[in-house]
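These notes are about the structure you will find just below.
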Amino acid sequence: MPEVINPTIELPLYILLVLLCLLAGCFVLAMKAVKNMAAALQEQPDAMLPLVDATKPGTTPLHRWDARFKIAAIIGFAFLTVSLHRSLYIGAALLVAAGLVSLARLSWSRSLRRIMAMNGFLAMFLVVMPFTAIIHPDDTLIQFGALSSWPLNLRGLELAVQIVGKAWTVALLMEPLLATAPLGSTLAGLTRLGVPDKVAELLLIAHRYIHVFFGELQRMRCGMEARAFRSGFRLGALRDYGNFVGMLLVRSFERTHRVYDAMQARGYAGLMPQQEVGKAKAADWLKMILLVVVGLILLIGDRLAGGAA
Amino acid sequence: MHQLASRPPLDQTGETLFSLRDVSFSYPNGTAALDTISLDIAPGDRIAIVGQNGAGKSTLLKHLNGLLPTQDGTLTYKGLPFDPDHLRKARLEIGLLFQDPDDQLFCNSVEEDVLFGPLNQGLAPDVARSKCEAALADVGLEALGARPPHRLSYGQRKRAALAGLLAMEPEVLLLDEPTANLDPQQEELLLQRLKDYPGTIVCITHNLLFAYELCQRTVVLEQGRIHHDFSLRELVSHRAALRGHGLDFSFRFVEQALPENGGSEVTTSPGSEESVVAAEPLVSLHDYSFAYPDGTEALNGVNLQIRPGEKLAIVGENGAGKTTLVSCLMGLQLGRGLYRLNGETVSASNRKQSCRTVGLVFQDSADQLFCPSCAEEVAFGPRQLGLDKVETERRVGSALRQVGLEGYEERVPLHLSGGERKRLALAAVLAMQPDVLILDEPTAGLDPDGEERLLNIIRNLDVTLVLVSHDLFFVRQLARRTVVLHDGMLVQDYSTESFFNDANLTTLNQLDFTYRNRCGLEIMKLQHEHEHTHLHSHLHEHEHRHGDQVHSHPHEHEHEHAHTFSHTHHAHPEKPVAAPEHGHLPRADKPHQHDHPGHEDEPHDHDH
Amino acid sequence: MHISDGVMPTSLAIGSGVVSLALTAWSAHRTRNRDLPKVAVVAAAFFVAALIHVPLGPTSVHLVLPGVVGALLGPSAFIAIAIGLVLQSLLFQFGGLTALGGNALLMGLPALGCGLLFQLLKGTTIRRQMLVGGLSGGLGIIGSALLLALLLAASGEDFLVVAKFALAAHLPVAIIETLVAAFIVRFLARVKPEMLTAPFTLKD
């Protein structure tokens with residue numbers, strides 16, 4: 001260890017064990033939640049793939065927001081959020097995102113589900129970062145009993161917490177972005193922002209067929225289970241997985257040709273027909289400016305506080 | 001693109017809508033699919049294209065809207081060949097209904113999908129929207145326009161796809177197996193809708209009952225050639241012709257006419273009536289319920305006992321809970337209540353073992369077949385059971401033999417025909433030697449030839465059979481006992497005979513089985529022994545006078561002559577069962593003599 | 001196999017996004033125009049295939065298959081992966097908005113590399129295609145893991161150890177993917193060999 005004296009808090013070893021147990025418990029709970037969700041959804045084929053678009057029109061300011069401005073504003077806010085360095089401001093950004101979710105009167109359970117699903121991955125940061133972050137001269141360390149060579153770096157912990165906060169913020173933003181308009185309108189907004197029409201079209205087609213193939217996947221999976229398929233890390237089982245995926249791909253390739261035929265048969269000439277779109281109103285501009293300015297204020301505050309520190 | 005308030009149709013030139021002259025087509029891999037097809041389709045024609053799998057039906061249909069280019073010969077639509085400009089316009093008034101609605105519903109909501117065509121036609125958005133609404137109302141989906149297609153049932157998706165065509169107000173509808181995988185109720189809905197459609201219809205189908213209701217004219221394809229082209233009434237009354245093309249569905253009626261014989265055959269299988277009653281139940285459900293996570297009660301207090309050797313049919317309308325019941329029996333789902341299989345209670349911990357005792361053949365073989373060779377496919381189950389190599393191979397051999405697929409070991413399942421795939425799926429399940437065999441809609445999508453072979457195989461199996469089917473003929477042939485599911489409840493459990501005599505069923509459970517029976521009876525009337533005269537043309541061999549020479553050789557020509565045609569059905573049970581016969585041979589009282597214009601120009605393989 | 005929001009500094013996130021966009025445009029350019037809808041359908045299939053979990057000890061890993069995407073789609077692979085990732089971020093929760101570019105790079109570059117490798121070495125026999133397919137499958141994962149480690153390391157010195165962890169964690173995944181990819185290619189070579197010739201790519 002280099003000869004640097006860091007502010008150090010000494011704690012008995014068992015606290016570490018308790019902490020680790022707590023973390024492991026959280027991790028197990030999170031994994032279980034994900035697994036339960038998957039199981040519940042698997043029994044209900046419809047819902048395994050969450051719908052990303054609104055099927056019924058809403059009346060909130062977010063629903064009425066022109067898709068172009070909504071996309072620009074929310075993506076802008078997301079990038080401003082990930083640029084923040086201070087936990088306080090990241091917390092504020094998280095609150096703004098949460099505010100948008102409630103403003104759009106979206107279901108919290110769906111938003112929370114989004115967050116739960118990524119927590120397993122984020123937990124890795126929470127566990128690993130405190131012990132592996134490089135120790136800077138003024139970092140506060142926590143030493144557990146005899147484990148002096150393996151200190152917990154509070155700055156690492158803070159870094160991990162910040163990542164979790166940013167990831168949650170962006171995840172929360174997805175709902176107001178996507179669930180307040182039909183996917184078609186959202187993607188049409190994207191093309192009006194300068195993204196080629198073709199891209200939106202490909203996304204729409206892919207989105208549609210993900211649902212079709214997911215149905216195929218589930219039925220084929222059922223077909224395997226009905227013949228006593230035992231999964232596992234064995235050569236035989238891996239071969240079955242290979243065949244399974246291979247068949248899925250073959251079916252999709254065969255379908256590509258039929259889909260293309262069907263498109264042509266109804267007069268497809270290289271581009272999906274455009275739906276009518278509304279004109280931008282002052283309110284659309286205002287909302288966008290408001291959100292981006294909030295993001296900028298957070299960023300400036302963050303940087304100024306950084307300069308003072 | 002300029003936007004129109006309405007779209008004028010292309011000008012009609014000439015009398016025919018489509019005119020094909022010597023059209024031939026072979027695929028890049030060398031398979032010849034069409035061979036010198038000549039065909040005229042007039043406006044307002046309703047044509048059924050029938051023939052065995054691989055006869056070139058789909059290839060022909062794809063020519064009619066230019067999805068496949070004409071390689072040889074000429075094809076005109078409204079007098080003009082499909083050059084790029086004409087083709088683009090023509091496609092906007094020729095609607096093609098694909099067999100799988102998912103191929104056609106490529107947008108993310110039903111509404112967007114229905115709008116796709118009218119907008120491509122260049123209609124103004126508000127006009128397109130009103131057409132879309134009208135088309136959706138037309139097929140009874142007005143309330144579901146905003147739904148994504150994957151949240152619709154199969155039948156609804158089929159109708160949504162049709163709405164997408166109707167919104168374009170097409171002059172021609174090309175239909176590819178429109179009734180495949182539809183239950184009788186959905187089939188009738190579709191039929192009613194199509195009957196109201198005023199334009200030209202060209203329809204590929206194995207379902208002759210459906211074709212009979214919809215079409216007047218029929219074209220029989222065999223190996224890429226037109227073999228017959230006559231009215232549908234004539235086709236169905238020519239049993240020999242049907243049989244020759246693997247289209248003979250009348251085996252259904254002949255069998256139906258002899259319930260005693262059919263019945264005794266079923267009881268010859270092991271487990272005679274008494275021992276069936278005495279044996280311990282193999283499957284026993286007591287007060288069994290199942291609810292999906294969203295709260296839908298799919299099964300509600302079901303009590304069901306199946307004894308070894310029993311042949312049971314489960315019937316019910318779509319959504320009655322048949323599929324859920326099957327997946328519970330398979331252990332794929334676990335509900336509330338008691339399920340005992342072979343005396344053991346099926347619980348969360350051992351439900352995955354159920355599939356060792358219960359085998360299931362899926363409705364769609366594609367969901368069950370995923371191996372690169374037939375041998376591997378059949379070996380999959382035994383391998384999962386942990387059997388050794390020798391035993392696995394033995395079972396593969398015997399299972400393939402049982403379904404008549406010996407020699408298919410190295411063939412690729414994906415490349416087999418629909419009927420072969422169904423039998424392969426059956427073999428794959430049989431190789432696991434299940435005690436209970438469940439067949440889910442075994443006849444869906446099979447041609448009549450395939451149905452008959454499958455029936456004969458299943459009949460000879462020595463297992464406890466559970467048949468889930470809308471196909472009443474199969475139910476009558478295979479099952480001794482029938483249970484009726486309705487709204488997740490088991491409302492009837494009686495002998496198959498009582499089921500057939502249960503007059504309340506159609507009204508009680510919306511089980512619309514009468515429609516098929518109605519068509520069937522009408523067709524059977526046509527198959528009386530009869531004699532009639534009509535003009536038709538086909539290839540046949542008979543002696544004929546040629547100048548001063550009398551000789552016989554096959555030749556194709558159009559002529560008028562009397563036919564005798566006889567077969568047996570339930571209306572004449574007292575008549576001896578004779579092989580149905582289509583008498584093209586000259587009868588003693590009516591010598592077959594006619595002119596043969598153009599004889600000299602025809603190719604001959606003999607001297608005069 | 002992904003970077004979450006908030007790990008990469010904004011400059012890196014935007015930089016990788018720009019590179020990804022350029023690669024997507026190139027990939028679209030190399031695909032026959034009329035085949036683009038087909039690429040979208042196949043992208044959907046790969047998306048769904050990535051939902052398949054293979055059990056590994058007490059946990060399970062989901063298939064990623066960058067090598068197979070490359071082998072089947074050639075240069076079109078990048079646009080397929082970009083489509084897949086955008087939809088993943090729309091439908092699910094992983095790899096959020098700001099990390100899209102980085103994630104596209106770490107999946108897409110190995111896919112392009114493996115595609116090239118597969119087309120160069122595949123030979124004609126099923127056995128050889130299976131071996132090369134497996135190799136591409138394994139290398140695809142290893143390549144992705146290396147890029148992931150690289151991006152993490154570039155995000156700050158604090159992430160060095162995490163990068164090493166991530167690299168190590170992908171070794172078992174690489175083994176599974178090698179085998180599964182080999183079997184997928186074997187299946188395709190026997191059932192539909194034309195799929196192994198990058199059918200949607202513009203041929204020179």
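None of these values were measured; they are calculated from a predicted model. Chain letters run A, B, ... following the sequence lines, proteins first, then strands; residues in each count from 1.
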Atom of Val170(A), atom of Leu97(C) and distance for their closest heavy-atom approach: CG1-N, 3.8 Å
Side chains of Tyr260(A) and Arg34(C) in contact at under 4.5 Å (non-hydrogen atoms): yes
Which of Gln162(A), Glu201(A), Lys198(A) touches chain C most, by non-hydrogen pairs under 4.5 Å: Lys198(A)
Engaged part of Ile175(C) at the chain A interface, taking heavy atoms whose separation is under 4.5 Å: side chain
Region of Val86(C) that comes under 4.5 Å of a non-hydrogen atom in chain A: side chain
Val250(A) portion near chain C, given a 4.5 angstrom heavy-atom threshold: both
Distance-minimising heavy-atom pair for Phe253(A) and Met195(C): CD1-CE, 3.1 Å
Minimum-distance pair of heavy atoms, taken over all atoms of Phe159(C) and Met129(A): CE2-CE, 3.8 Å
Under 4.5 Å from any heavy atom of chain C - which part of Ile163(A): both
Test side-chain contact (heavy atoms from CB on, under 4.5 Å) applied to Ala50(C) - qualifying residues, sequence neighbours left out: His62(C)
For Ile205(A) against Pro37(C), the heavy-atom pair lying closest together: CD1-CB, 3.9 Å
Most chain C-contacting option - heavy-atom pairs closer than 4.5 Å, from Ser252(A), Ala237(A), Ala206(A): Ala206(A)
Among the listed options Val164(A), Leu235(A), Thr186(A), the residue most often paired with chain C at heavy-atom distances under 4.5 Å: Leu235(A)
Min side-chain heavy-atom separation Leu87(C)-Ile210(A) under 4.5 Å: yes
Interchain contact, Phe79(A) with chain C, by part (heavy-atom threshold 4.5 Å): both
Heavy-atom pairs under 4.5 Å with chain C, option from Arg251(A), Arg255(A), His257(A) with the top count: His257(A)
Option that, when pairs with chain C are counted at under 4.5 Å, heavy atom only, ranks first among Leu217(A), Asn243(A), Leu177(A): Asn243(A)
Between Pro55(C), Ala25(C), Pro172(C), the one whose heavy-atom pairs under 4.5 Å with chain A are most numerous: Pro55(C)
Phe244(A)/Phe183(C) under ring-ring contact (aromatic ring centres under 6.0 Å, His included): CA gap, chis, key distance, verdict: CA-CA 10 Å; Phe244(A) 177 33; Phe183(C) 286 124; over 10 Å; no
Heavy-atom proximity to chain A below 4.5 Å, by part of Leu179(C): side chain
Rounded distance [0.5 Å steps], CZ in Arg239(A) versus CZ in Phe187(C): 12.0 Å
Which atoms of Leu160(C) approach chain A - backbone, side chain, both or neither, heavy atom under 4.5 Å: neither
Approximate separation, where rounding is to 0.5 Å, of Leu203(A) CG and Leu90(C) CG: 7.0 Å
Under 4.5 Å from a heavy atom of chain A, the part of Leu188(C) involved: side chain
Inter-residue atom distance Ile52(C).CD1 - Leu248(A).CG, 0.5 Å rounding: 6.0 Å
Option that, when pairs with chain A are counted at under 4.5 Å, heavy atom only, ranks first among Val42(C), Val185(C), Val180(C), Thr98(C): Thr98(C)
Positions in residues 123-137 of chain C that reach chain A, provided some heavy atom is under 4.5 Å away: none
Heavy-atom side-chain proximity of Leu202(A) to Ile79(C) below 4.5 angstrom: yes
CZ (Phe165(C)) with more than 12 external heavy atoms under 6.0 Å: no
Heavy-atom pair count under 4.5 Å with chain C, highest-scoring of Glu254(A), His85(A), Arg221(A): Glu254(A)
Residue pairs passing the salt bridge (Lys or Arg N to Asp or Glu O under 4.0 Å) test where at least one lies in residues 143-170 of chain C, sequence neighbours excluded: Arg155(A)-Asp158(C)
Contact listing (chain A partner; residues 7-19 of chain C; heavy atom under 4.5 Å): Val7(C), Thr10(C), Ala13(C), Ile14(C)
Shortest non-hydrogen contact from Val48(C) toward Phe214(A): CG2-N, 3.8 Å
